[in-house]
Amino acid sequence: QRMVLMDPGEDPDDILRANRSREKTFVFDMVFDHTATQEEVYVSTTKRLIEGVISGYNATIFAYGPTGTGKTYTMLGTDNEPGIYVRALDDLFKGLEATAKDMDYTVSMSYLEIYNEVIRDLLNPSSGFLDLREDSRGSIQIAGITEVSTTNAQEIMELLMKGNKQRTQEPTAANRASSRSHAVLQVTVTQKSRRRETGEETWIGKLFMVDLAGSERAAQTQNRGKRMKEGAHINRSLLALGNCINALSEKGGSRTQFVNFRDSKLTRLLKDSLGGNSRTIMIAHISPASSSFEESRMTLIYAYRAKNIKTQVPEQI
Amino acid sequence: KMAAGGGWPAVCGKFRAARTLSAVESLKDPETEPYRSKYSARALLQEVKQLLSAAEEGGEERVLAVRRAVLEYELGVNHADTEELSAGEEHLQRCTQLLEPHRLSPDCVSLYIQAQNNLGILWSRRDEIETAQTYLESAEALYNQYMKEDGNPPLDPSEHFMAEEEKLTDQERSKRFEKAYTHTLYYLAQVYQHLDMIEKAAQYCHTTLKRQLEYCGYYPVEWARNAATLSQYYLSKECFMEARHCLAAASVIFSQAGNMPSAEDNETEQDQHDLPERKAEIARCWIKYCLNLLQSARKLLEDNIGELDPDRQLELKAQRKKEEDEKEKGRKKAVLFGTSDICDSVLAMEEKVSSVYPLDFQEAREIFLVGQNYVQEAKEFFQVDGYVTDHIEIVQDHSALFKVLAFFEEDYERRCKMHKRRIDMLEPIYADLNPQYYLLICRQLQCELADTYYEMMDLKVAIGNRLEKLDSHTVKKINSLAQFAIKYYELFLDSLRNPDKVFPEKLEEDVLRPAMVAKFHIARLYGKLITSDGKKQLENMQTSLEYYTFLVDYCEKYPDAVPAIETELELSKEMVTLLPTSMERLRAKLSPCV
């Protein structure tokens, strides 16, 4: 579907700028306007992924965009208008129940924040900073995080709303580099076949639902991984010198030549979603205000480029 | 002097209050009113501006002009900070206009440069990166001109609103001036990067790092990390001397962490907590340095079958002698880190490892040993339990170090031993890994183990060929190695099957070549198996033929696969024609009565 971003600075009488209209057309898989409901957005973006998770694939949904454009509304929603988190979980439980004759399953979820490269358990913030650990059995684990095994959607919504209030608040100072909060809801579905013929086979599917930090200072974040050039903004602070140096080696050279130790915590946690073993959806959010033109443009360009990253999906058996 | 109305001190007070609001109070502004303090600051600055205009008749024109310029600068930055770029630009332009005739004098130069820095940033926010470039390069030129023609520590702009007794020392002035220029260079580094002028960007990053050590203050851990990262850029350009210098400096500066209070804020608890990880990261960069140096040397020395070419070796050794003198000159021109106190430590670190291509086994071994030490250091933190991916990458690097060292080793038995070390370190890790989560790494390890066993088998065959007769021990060894290689190639091929265990009709691009090579090697390995049992031999030849045939058939069906495996395809086609004949002959021999 097409959308057009119009340049609010366009002045038909401005001869100097006549050829430099920054109006741009973008094509995405889906475009929603202000009349779209939570249900519509969920069904068009996420619903299909749930079946995949039940079959043992991974899935990841990102909400991306500047602060104030509605990412948390899309992901968390409100009591009256629940967002993707709850709808996804609801469908997941229904789907699993349908296979309950043949399968034993367990579902657990955890809700965490990554802020300034530090991980906090939003369901138990007093546990302090948590470490990311990998073991040879499974994928990334977060040592000590709360895992909730409930199928009650209402209960989940309450936990998530409470958790969301625990996200780190911070002043919007222009001088601070990389201080942004990502919220990640991680759902793990483990299924074992009951049928004796299929033996001990276990399917593990992971669903990540990510409410990304505001992208308005995207150039200042320390996120790497599949980082794209986010505009030509010069970063004022020497704290971001590392990013600059890191990007020097970005072009060319095989991956094995370098140590990629600047991968952010978010990148490591979502390793499988970024170019690997997973189905990924990104929902980009922009503001309708003309004062947000630049930000909207950056957001759309980023989203458009993200579209072209191919992911491979070998099934996880 | 100023007219009445509180006098000069009051004006200075207002000015300072404005700056405090902007720099300090604004950090506490609520999310709903993020620019509250900045707007208050702006109001104060406007007041000061008014007061200055009122005094116009009485004062020295020059002094007033500079003071007004300071205000225009502050207002410019203020507007830019509150996203009012056009107003910001206006004020900053007015600032530079006021200073223009005196921009090279000590009371103006620093302010002028800072105004240009901010104009550069402003234009970058409009995505007009080339315009940003002109402002920043102009600032750079001005600094250089000033340092050449005058060089004395210039006034800091804040001094224009200070009482006489508050004025700064020369040392402090110099520090602030140099800091402003460091930012100019840092901004230029970013600009050059956006313009894809990567080499220049690297140069400016390097200089920025250097100046951080000398003038700006730095966090040792962060600085060390950045220097280590920069070394990787140099590695990609095969500039080993520069890479080594960055790494040596990184190690030296890192060791300062926790020992001395850093020039800026104290490092946080989190930073202290992370120290072992940071140390291990730097160790990993050193491993890559050693590995890259060895691998680059190999590329220069190898002939067309991958063996060390003695003629090339002599050539390069002679060439190196000649270049030794030139290198020394080059060294002096290079951008070196270090105030005098760390200079010696950095030099000491550099002397532990060479930065020139190793041309024989002795030299290679020395570099190998340095790399191996860093492997141990890195593994101290990146243990298997908790950091599987990192741990495995380090072990893969260790294996790669052995592999490249083997290239330099002439004796086949000793080479074999080195490959055995690789098996010993990779096999246990592979065995523990869950392929469900680590599919890619499992495949890498399968291929590497298979290739290593294959290499060892080839070496044993070569050793065997030198003997009068192949003894049973060697035969057993050859067969065992071949079987292991086959095992791992088969494991890799199995990993490509779908859940119903069916091998894919068409192979994905990223696994095409490895899969084909696996098939090809298996074919060859079955051909190498030694048995006195004729029937078994026939079976082996049959299997061999099947695998060669697979390659040929696949390439016929999918012709775009051909470029990926041209050589192997050639040989496979030959074998497909030769093998059936050999098999017939053998069959005839085995059953003479028909």
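FYI, side chains are in, hydrogens and waters are out, and symmetry mates aren't considered; it's all heavy atoms of this structure. We name chains A, B, ... by the order of the sequence lines, and we start the count at 1 in each one. What you see is a predicted model, and the numbers here were worked out from it, not measured in a lab.
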Looking only at side chains, do [X] and [Y] share a donor and an acceptor under 3.5 Å apart?
X	Y	answer
B/Q444	B/Q396	yes
B/Q232	A/S249	no
B/T229	A/N246	no

Structural part of [X] lying under 4.5 Å from a heavy atom of chain A:
X	value
B/Y186	side chain
B/E277	side chain
B/N118	side chain
B/L188	neither

Between the side chains of B/K237 and B/E242, is the shortest nitrogen-to-carboxylate-oxygen separation below 4.0 Å, so that they form an ion pair?
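Salt bridge absent between B/E242 and B/K237.
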Is it the case that more than 12 heavy atoms not belonging to B/K210 sit under 6.0 Å from its NZ atom?
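Correct, the count exceeds 12.
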With respect to chain A, which residue among B/T389, B/V384, B/D385 yields the maximal number of heavy-atom pairs within a distance under 4.5 Å?
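Top count of heavy-atom pairs under 4.5 Å with chain A: B/T389.
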